[in-house]
Amino acid sequence: MWALKDGLKFQANFIKCGFTPSIVTINQLIHLYSKNGFVEEANKLFDEMPDRNVYTWNAIINAHTKAQNFSKAQNLFDAAPSKDSVTYNLMISGYANDEGCEEDKAVNLFLQMQHEGEKARPDEFTLTTMLNLVAKLRFLSWGRQLHGLMVKTGNNQSQFSLSSLIDMYSKCRTFHDVMRVYDGGPCVFDLVSKNAMVAACCREGELDMAEKLFWHKPEINDVVSWNTMIAGYVQNGHEEAALDMFKCMAVKGLKWNQHTLASILSACSSLKSLKMGKQAHAWILKEGIMNNPFISSGVIEVYSKCGDMKDAKNVYKEIMPQNSFAISSMIVGYSAKGYMTEARRLFDSVTEKNSVILTAMISGFVKSNQSEEAFELFSKFVEKNAENLDALMFINLLGACTIQATIDPGKQIHAYLFRIGIEMDEVLISALVDMYAKCGNIKYAKQVFYSATSRDLVLYNVMIAGYAHHGHEYEAYQLFEEMLKRGLRPDGVTFIAILSACRHRGLVDAGEKYFSSMTEDYAISPESDHYACMIDLYGRANQLEKAIIFMERIPIQPDAVILGSFLNACKMNRNVELAKATEDKLLQIEGDNGARYVQLASLYASEGKWDEKGRIMKKMRGNEAKKLTGCSWVHIGNRLHTFTSSDRSHSETEALYATLKCLIQGLQVNMPIEIEFL
DNA sequence: CGGAGCATGG
C-alpha cells in the first residue's frame, strides 16, 4: 500500500497528464484517503469516477462509516448496484460499534443478509462482528444461535472466532460456556484469544486461573495483556497487586496508556490513596490524556473518594465536557461528607440529567439518611423521564425502604418495576427480597425469591438472612442445604446469616457445627462479625463460660464489634465484674462512639448500679462523644413522620398525644380499642 | 484493491 504522500503525488500527476488510472488504482486511492481521514478527498474521487465496481462502493461506504456519517453511508449502501458480504459487514460493523443506539439497524441488516443468497453470504467477519454486538448487548440467546451458525458454516475454528466467542460468553456471564469453548479450542492460542481468556477469568473472579494463563509464555504479553490483569486485580479488590503490576510494566519497558491509568485511578480511589492518586494525576497531565472521559472522571473520583472536595471541584471545573460519571463522582463525594446542599446544587445545575446522575443523587440521600428526599426526587423525575430508569437506581431506592423499614414505598417500587417491565436480574431480586425481609414481610420476600429464574450466592444470602431475621431458623438451614445441592459455594456472608439464625434461638450445637464447617469445609477465615455472632449465641444461651473460652481463642485482636457482643453477653448473664473489664477495652478503642456509653450505662442501670451509670455518663460527656438521637417514624401516604423522645414539634401533636393517652388507658383496662385515623 | 477479535466508569 502507498503512503499518503505518494498517493497525493500520483493523483496530482494523473490530473496533470490527463491520464485516467484503472478502477483498481482509484479504489486504492479512495481507501488510502479514507484511512487518513480525508473523507472529502475520497468523496471527490468517487464522484468523478467514470466506472465503479463493488470494491469502489465498499471503499466509499467504509470511509463514511469510519467517520460516523451513518446517513451518508446508508444512502450509498441503498444506492449501491451490487452488494457483497463486505458491503454488509461494513454497515453492520459501523452500526454495531456506534456509541448511539443504532444496534437494531445492525441486527436488521444481518437479517436482511440472510435473503441475499450466494451474493452476500454471512461469513466469518459477519459472525465475529455480530458476536461482538450481542456481547455488548448481553443477549446470550442470540449469542448461542450465532455460535450454532458458526459451527454449521465451519467458521468456528479461527482465532478470531475463538476470541469473539470467549468474549461473548464471558460478557453474557456464563463462564461455563467460556470454558467449553476454551477446552474445545486449538492447542495454541494467539495473543488476542489469550487476553480474552484472561479477561474472562478476571470477570468471573477466577484470579488464580487468570494469573496462570497470563504467566504462561509471558514474553508474548502486550500492553492489553497487562492492562487486563491490572484491571482484573482492581475489580477483585486486589489493589496492591494491581499497583505492583503497574510498576512492573514500566520495568519491562511497556508504556502505560489510558486503560492502564483508568484502572490505577480506580485502585487509588479504593485505597483512598491521595498520594498515589496525585502522582497518577501528574502523569496524566503530562501525557495530555485528560480529555478521555474515563480518565477525567477517574481523577475526580480519586479526590472525591479521599474526601478532598476542593481539589475534586478544581478538576471538575477544568474538564469539558463534564460527563455523567464525573458529575456522579462529585455528587457522591459531597454526600459522603454530608455536604448535601452542595450535592443538590450541583445536581440541579445539570441540564441533562440521566439515570447515572439521578442514581448518584438518590444514593447520596439514602446514605445520609434522607430517604424522604430520595423518594421525592424519584417521583419528581419519573413524571417527565420515565424511559431513563435503570436497575441500580431502584436498588438504591429499595435500600432507602430497607433503612426506613417502610414497606409501602417498597411495594410501590415493586409494582412500578412490573409496570415498566424492567429486567429482573439477581441483583434487583436480591434487593427486593432484602427489602421485604427487613421491612417485616417474610412471606413476600419468599414469593419474590421463588419467582427468580436463576439464583446466585447473593440472592441465597439475603433470603437466608431474611429467615434468620424472622426467627425461621429451620427454613434458613433448609435453604442453606438447597444452596449446597445446587453447587453454590457459601461465603463469609452466608455464614453470618446462618449463624444469626442459630443465635436468635440460642441454638449452640447448630451454631458450633456451622462455625467449624465454615473454617474446616470451606476454608473461610472468620471475621469479627462471625466471632461476634458466636459470642452473642453463647450469651443468649446463658453459657457465658463458653463465651469466655471462645474469646480467649480468637486469633485476631478483638475489635469493637466483638467486645460489644461480649459486653452484651456479660450483661445478659449478669456478670458485672467481667463487663467492667471489657468496658475499659471497648472505650479505649471506641472512645468517641456515644452508643457504647449508652450501652454501658444501661447495663449498670439494669443492675441498679446508679453510681456506675452516672460515672459512665460523665465520662461520655467528658469525651464529647455524641450519640445519634434515637427516633421512631411512620410513613403515612407520601409523608414520613419522625418522632424523638418527648418531641412535640409535629403539627398534629395534640391529637397524637390524646390518642396515645386513649391507647394507654385502653391497655390498662384491657379493652378493645377503636381509633379513627385521619 | 476491501471488511472482523482482547483491556478503562455509577
Side-chain angles (χ1 to χ4, degrees), chain A residues 1 22-32 34-35 53-63 65-66 84-94 96-97 123-133 135 155 158-168 170-171 189-200 202-203 222-232 234-235 257-266 269 289 292-298 300-301 323-329 331-332 354-364 390-393 395-396:
Chain A
M1 197 35 148
S22 71
I23 299 184
V24 176
T25 311
I26 304 186
N27 288 349
Q28 283 176 309
L29 266 177
I30 293 178
H31 190 69
L32 181 67
S34 90
K35 240 174 58 181
N53 65 13
V54 68
Y55 289 90
T56 324
W57 288 90
N58 291 346
I60 197 69
I61 289 172
N62 190 18
T65 55
K66 290 286 159 348
D84 64 3
S85 304
V86 179
T87 326
Y88 274 92
N89 292 344
L90 284 167
M91 289 303 292
I92 292 174
S93 132
N97 296 320
D123 59 11
E124 210 189 308
F125 288 77
T126 327
L127 291 170
T128 49
T129 307
M130 285 304 292
L131 276 177
N132 208 2
L133 176 63
N155 281 319
S158 81
Q159 297 287 349
F160 279 94
S161 26
L162 199 60
S163 60
S164 308
L165 284 168
I166 290 170
D167 186 54
M168 183 276 292
S170 163
K171 287 188 178 146
F189 271 42
D190 77 350
L191 185 56
V192 177
S193 297
K194 175 185 169 177
N195 290 344
M197 198 59 210
V198 173
C202 291
R203 229 167 256 136
D222 64 357
V223 180
V224 176
S225 326
W226 285 80
N227 286 347
T228 308
M229 209 55 230
I230 290 174
V234 176
Q235 280 151 4
N257 67 15
Q258 317 191 340
H259 291 264
T260 329
L261 264 292
S263 296
I264 289 308
L265 287 172
S266 168
S269 298
I289 51 171
N292 179 320
F294 287 88
I295 296 290
S296 56
S297 62
I300 289 174
E301 174 99 0
N323 64 70
S324 321
F325 294 99
I327 298 167
S328 156
S329 293
I331 293 175
V332 172
N354 58 23
S355 68
V356 175
I357 294 164
L358 184 67
T359 301
M361 194 65 236
I362 286 178
S363 123
D390 69 359
L392 191 66
M393 184 169 67
I395 289 161
N396 272 293

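A, B, ... follow the sequence lines: proteins, then strands. Residue 1 opens every chain.
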Any donor-acceptor pair under 3.5 Å between the side chain of [X] and the base of [N]?
X       : N       : result
S328(A) : dG10(B) : no
D123(A) : dG3(B)  : yes
S193(A) : dG5(B)  : yes
T128(A) : dA4(B)  : yes
S93(A)  : dG3(B)  : no

Once you round it to whole Å, what is the distance between [atom2] of [N] and [atom1] of [X]?
X       : N      : atom1 : atom2 : value
D84(A)  : dC1(B) : CG    : P     : 15 Å
F125(A) : dG5(B) : CZ    : P     : 10 Å
N257(A) : dT8(B) : CG    : P     : 11 Å
L90(A)  : dG3(B) : CG    : C1'   : 5 Å
L133(A) : dG3(B) : CG    : P     : 20 Å
N354(A) : dG9(B) : CG    : P     : 17 Å
I295(A) : dA7(B) : CD1   : P     : 16 Å
F189(A) : dC6(B) : CZ    : C1'   : 12 Å

Reported NZ-to-CD distance for the pair K35(A) and Q28(A), which is rounded to 0.5 angstrom: 10.5 Å

State whether the side chain of [X] and the backbone N or O of [Y] hold a donor-acceptor pair below 3.5 Å, judged by distance alone.
X       : Y       : answer
S266(A) : A262(A) : no
D167(A) : S163(A) : no
S193(A) : Q159(A) : yes

Under 4.0 Å: is that the gap between some side-chain N or O of [X] and OP1 or OP2 of [N]?
X       : N      : value
N132(A) : dG5(B) : yes
K194(A) : dA7(B) : no
Q235(A) : dA7(B) : no

Minimum-distance nucleotide to [X] side chain [options: [options]]:
X       : options                 : value
N27(A)  : dC1(B), dG3(B), dT8(B)  : dC1(B)
L392(A) : dG10(B), dA7(B), dG5(B) : dG10(B)
Q28(A)  : dC1(B), dG9(B), dA7(B)  : dC1(B)
R203(A) : dC1(B), dG9(B), dA7(B)  : dA7(B)
N53(A)  : dG10(B), dC1(B), dG3(B) : dC1(B)
T359(A) : dG5(B), dG3(B), dG10(B) : dG10(B)
S85(A)  : dG3(B), dA7(B), dC1(B)  : dG3(B)
H31(A)  : dG3(B), dC1(B), dC6(B)  : dG3(B)
V86(A)  : dC6(B), dG10(B), dG3(B) : dG3(B)
T228(A) : dA7(B), dG9(B), dC1(B)  : dA7(B)

Whether the [X] and [Y] side chains hold a donor-acceptor pair (N or O, under 3.5 Å, no angle test) is what I'd like checked.
X       : Y       : answer
N89(A)  : D123(A) : yes
N354(A) : S324(A) : yes
T129(A) : N132(A) : no

Name the nucleic acid region contacted by [X], choosing base, sugar-phosphate or nothing; use a 4.0 angstrom heavy-atom cut-off, strictly under.
X       : value
T129(A) : sugar-phosphate
E301(A) : nothing
S158(A) : nothing
A59(A)  : nothing

